[in-house]
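When reading the values below, keep in mind they use all heavy atoms of this one structure, side chains included, and skip hydrogens, waters and symmetry mates. Owing to the predicted nature of the structure, the values given are computational and were not obtained by experimental measurement.
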There are 2 protein chains.
Amino acid sequence: MATIKDVALAAKVSVATVSRVLNESGYVHEETKTRVLKAVEELNYHPNEVARSLYKRESRLIGLLLPDITNPFFPQLARGVEDEIHQHGFRLIFGNSDEDLEKELDYLQTFKQNHVVGVISATNYPDAPNYKDSSMPIVFLDRTGAHAPSVFADGREGGRIAASEIIKRHSKRITLMKGPGHLQTAKDRFNGALDILSKADVDFHVMATETFSFPEAQQRAAELFSFYPGTDGIIASNDIVATAVLHEALKRKIKVPEDLQIIGFDDIPQSELLFPPLSTIRQPAYEMGKEAAKLLLSVMKNEYIEQSAVQMPVTFIGRQTTRKADDNE
Amino acid sequence: MATIKDVALAAKVSVATVSRVLNESGYVHEETKTRVLKAVEELNYHPNEVARSLYKRESRLIGLLLPDITNPFFPQLARGVEDEIHQHGFRLIFGNSDEDLEKELDYLQTFKQNHVVGVISATNYPDAPNYKDSSMPIVFLDRTGAHAPSVFADGREGGRIAASEIIKRHSKRITLMKGPGHLQTAKDRFNGALDILSKADVDFHVMATETFSFPEAQQRAAELFSFYPGTDGIIASNDIVATAVLHEALKRKIKVPEDLQIIGFDDIPQSELLFPPLSTIRQPAYEMGKEAAKLLLSVMKNEYIEQSAVQMPVTFIGRQTTRKADDNE
DNA sequence: TTGAAAGCGCTACCAC
DNA sequence: GTGGTAGCGCTTTCAA
């Protein structure tokens with residue numbers, strides 16, 4: 001690989017001049033510039049990012065920390081982030097944390113050691129020390145609040161919408177499934193649904209599901225129908241759980257949506273591919289990723305941030321696990 | 001952030017000595033070592049990877065290039081790669097190429113500029129110049145052959161298995177769907193199925209689907225049933241297409257698997273979540289990622305590679321879109 | 001067993 | 001306008 005020295009030699013100028021034309025900093029004669037550019041071209045020169053990063057103490061890398069890229073909600077986020085930062089010349093260094101604090105810390109360390117200019121993290125531990133004293137800008141993604149900049153979906157409103165929509169469609173004995181207790185997002189949507197249900201003229205009961213894993217959800221779904229056979233509407237804690245419920249219902253020949261309505265949460269890509277396609281509360285994952293990236297970019301530029309907690313809107317996607325709503329609404 | 005100089009000062013030794021204890025290179029007195037380690041501890045020192053990378057001309061980063069992380073097949077691959085390299089102290093710099101050569105080149109450039117020690121790429125252009133003259137070790141993933149090391153699934157055998165299994169289960173008028181022509185993997189599985197079908201005592205016809213996108217697949221599926229209503233077995237080009245076919249069949253109240261069997265390809269996570277769950281040919285994506293990482297690590301260490309084209313086995317996953325096979329087999 | 005110093009490739013300051 | 005050069009933080013001779 002050619003270095004700046006080679007270019008300088010070829011163009012018969014000093015490295016300082018080469019640096020100037022490359023970075024468009026300082027004065028340089030038009031003619032010299034041409035010579036340099038020509039040399040760059042001929043030698044197929046590409047600046048060494050590492051050297052640059054060492055001197056400037058910052059790279060063009062951004063760290064992205066996700067719980068598990070294998071979970072279908074996250075690829076969308078990742079893609080949103082990547083698309084946005086790529087435009088601005090940044091690249092991603094990426095890791096899965098498995099919601100494990102040790103691993104997170106390890107990654108944050110790595111990020112710092114590699115001079116990343118910022119990090120985007122979907123952590124459950126936004127209050128961990130490494131996030132506090134950190135010398136690099138951080139934005140939290142899919143995680144509500146803390147005191148740092150963050151972008152997340154309006155889970156509470158999502159829960160409200162889910163409950164309203166299912167009630168509007170005349171479910172009368174509703175099961176509200178509660179997600180893992182350690183996830184704020186899960187709590188939010190649960191509480192939102194509770195807001196509405198508790199005020200409405202319907203029976204409902206709550207069922208806890210401590211994970212979002214499909215096999216466990218399947219088991220809980222089976223229990224659900226055994227214990228509460230009269231249920232005619234289910235608000236699931238997310239689309240995976242909703243899928244398990246749908247499975248179980250279909251297995252039991254329960255007619256969906258005629259006799260049982262189901263609403264999920266997230267709108268992961270495969271929800272549309274189910275049969276019948278799943279009605280759900282959509283989180284705009286891709287856009288959330290983009291938004292987080294934009295926020296980070298702003299923070300990096302020390303721009304004034306008017307909204308440091310960006311709450312993204314959530315929408316009801318009525319597919320075929322819910323009935324048609326009455327028109328008079 | 002503390003530097004090696006700070007540590008040296010605190011431990012009252014030279015930076016050379018600190019470097020020696022950190023890298024366990026050269027002799028250093030036990031006592032001095034203790035002093036250094038203590039200083040490291042106290043200052044919470046972590047070596048600057050960038051400086052190290054500049055001098056050594058290699059980082060601890062590995063480049064991963066995937067067409068689109070949003071495509072459900074790839075997260076598994078990515079995870080496999082990450083888990084494997086993480087163990088060995090490497091981290092990932094990651095990009096989506098969208099199967100676009102320009103973008104790939106751009107990323108390869110970035111990788112090189114950042115001193116990655118190797119790259120794993122799922123490219124459609126393994127023969128592009130940037131992959132040839134490259135100064136960094138490369139292994140291709142999910143891409144068959146070229147002359148470089150690669151790991152991929154045995155698509156041809158997969159196609160054969162799919163055809164055999166559907167025939168064994170008594171489909172008599174089979175539709176074989178052919179995937180995008182520019183993808184070698186798609187061609188392989190198609191040819192494999194053709195091998196078997198053409199020798200078997202069944203009617204079959206071929207239908208081309210030029211993309212793996214769901215909406216288009218849906219349309220093709222609709223056409224399929226209109227043009228060939230007699231079809232009683234479908235070998236889809238992948239699970240997305242199979243899902244579209246399944247949808248359409250269900251919509252038309254065709255009984256699956258009684259009157260129509262469907263076999264997909266890939267075994268993406270959601271195939272199991274469909275209703276009925278999809279029978280398919282499984283590619284061990286996670287293991288493929290791991291294997292690719294192992295291969296790369298070997299190449300990096302200049303180890304002797306006995307298998308530079310690692311072909312991973314493919315298996316039939318009989319779920320509920322195929323019937324039970326006869327026992328006498 | 002240790003330290004001094006060169007040098008990885010680049011940027012930015014200062015002098016001309 | 002341009003060039004010389006210090007220095008980013010590290011590793012690795014080489015000499016002591």
Side-chain angles (χ1 to χ4, degrees), chain A residues 1-37 39-40 43-61 89 109-117 135-136, chain B residues 1-37 39-40 43-61 89 109-117 135-136:
Chain A
M1 228 168 103
T3 74
I4 198 173
K5 227 167 156 180
D6 301 324
V7 177
L9 222 58
K12 297 188 204 301
V13 295
S14 72
V15 294
T17 302
V18 177
S19 180
R20 267 182 227 113
V21 349
L22 260 23
N23 297 295
E24 303 186 337
S25 60
Y27 299 99
V28 42
H29 198 284
E30 199 54 41
E31 193 190 318
T32 349
K33 188 171 167 182
T34 322
R35 267 208 334 276
V36 170
L37 261 15
V40 166
L43 295 170
N44 188 28
Y45 169 73
H46 293 271
N48 182 323
E49 271 298 317
V50 178
R52 182 184 164 284
S53 169
L54 178 58
Y55 185 87
K56 308 218 21 160
R57 288 143 154 195
E58 62 175 48
S59 68
R60 280 165 168 144
L61 265 14
Q109 204 53 257
T110 305
F111 291 165
K112 200 184 284 190
Q113 287 175 273
N114 283 285
H115 286 187
V116 301
V117 285
S135 45
M136 37 192 189
Chain B
M1 229 167 100
T3 74
I4 197 173
K5 227 167 156 180
D6 301 324
V7 177
L9 222 59
K12 296 188 204 305
V13 296
S14 74
V15 295
T17 302
V18 177
S19 180
R20 267 183 225 111
V21 348
L22 259 24
N23 297 294
E24 303 186 337
S25 62
Y27 298 98
V28 42
H29 197 285
E30 199 54 42
E31 192 191 319
T32 343
K33 188 170 167 183
T34 321
R35 271 214 324 282
V36 170
L37 261 15
V40 166
L43 294 169
N44 187 28
Y45 169 73
H46 293 270
N48 182 323
E49 271 300 315
V50 178
R52 181 184 165 284
S53 169
L54 178 59
Y55 184 88
K56 308 218 22 158
R57 295 155 140 158
E58 62 175 48
S59 67
R60 281 167 167 144
L61 266 13
Q109 204 53 257
T110 305
F111 290 165
K112 199 183 286 189
Q113 289 173 267
N114 283 285
H115 286 187
V116 301
V117 285
S135 44
M136 38 191 188

Pairing residues for [X] by the side chain to side chain contact (heavy atoms under 4.5 Å, CB included) criterion, not counting sequence neighbours:
X	answer
Val28(A)	Thr17(A), Val21(A), Thr32(A), Lys33(A)
Leu22(B)	Val18(B), Val40(B), Tyr45(B)
Thr110(B)	Arg91(A), Ile93(B), Asp106(B), Asn114(B)

The criterion is side chain to side chain donor-acceptor pair (under 3.5 Å); which residues satisfy it with Glu58(B), sequence neighbours excluded? none
By side chain to side chain donor-acceptor pair (under 3.5 Å), which residues pair with His29(B), not counting sequence neighbours? none
Heavy-atom pair of closest approach, residues [X] and [Y]:
X	Y	result
His46(B)	Met1(B)	O-CE, 3.7 Å
Met136(B)	Val116(B)	SD-CG2, 3.5 Å
Ala8(B)	Ser14(B)	CB-C, 3.7 Å
Asn48(A)	His115(B)	ND2-NE2, 3.0 Å

Partners passing salt bridge (Lys or Arg N to Asp or Glu O under 4.0 Å) against Arg60(A) (at least two apart in sequence or in another chain): Glu49(A)
Write out all pairs satisfying salt bridge (charged side-chain N to carboxylate O under 4.0 Å, His left out) with one or both partners inside residues 15-24 of chain A, taking only residues at least two apart or from two chains. none
Contact list please: residues 24-33 of chain A against DNA chain D, heavy atoms, distance less than 4.0 Å, in numerical order. Tyr27(A), Val28(A), His29(A), Thr32(A)
Categorize Thr3(B) for me: base, sugar-phosphate, or nothing, with a 4.0 angstrom heavy-atom threshold over every strand shown. sugar-phosphate
Counted 5' to 3', the first and last nucleotides of DNA chain D within 4.0 Å (strictly under) of a heavy-atom of chain A are dG1(D) to dG9(D)
Whichever of Ala51(B) and Thr17(B) has its nearest DNA chain C nucleotide further upstream toward 5': Thr17(B)
Within residues 6-15 of chain A: residues closer than 4.0 Å to DNA chain C (heavy atoms): none
Backbone N or O of Ser53(B) within a donor-acceptor pair of the Ser59(B) side chain at under 3.5 Å? no
Boundaries of the chain B footprint along DNA chain C (any atom under 4.0 Å from a heavy atom): dT1(C) to dG9(C)
Given axes from five pairs at either end, by how many degrees does the helix from dT1(C)-dA16(D) to dC16(C)-dG1(D) bend, rounded to 10°? 50°
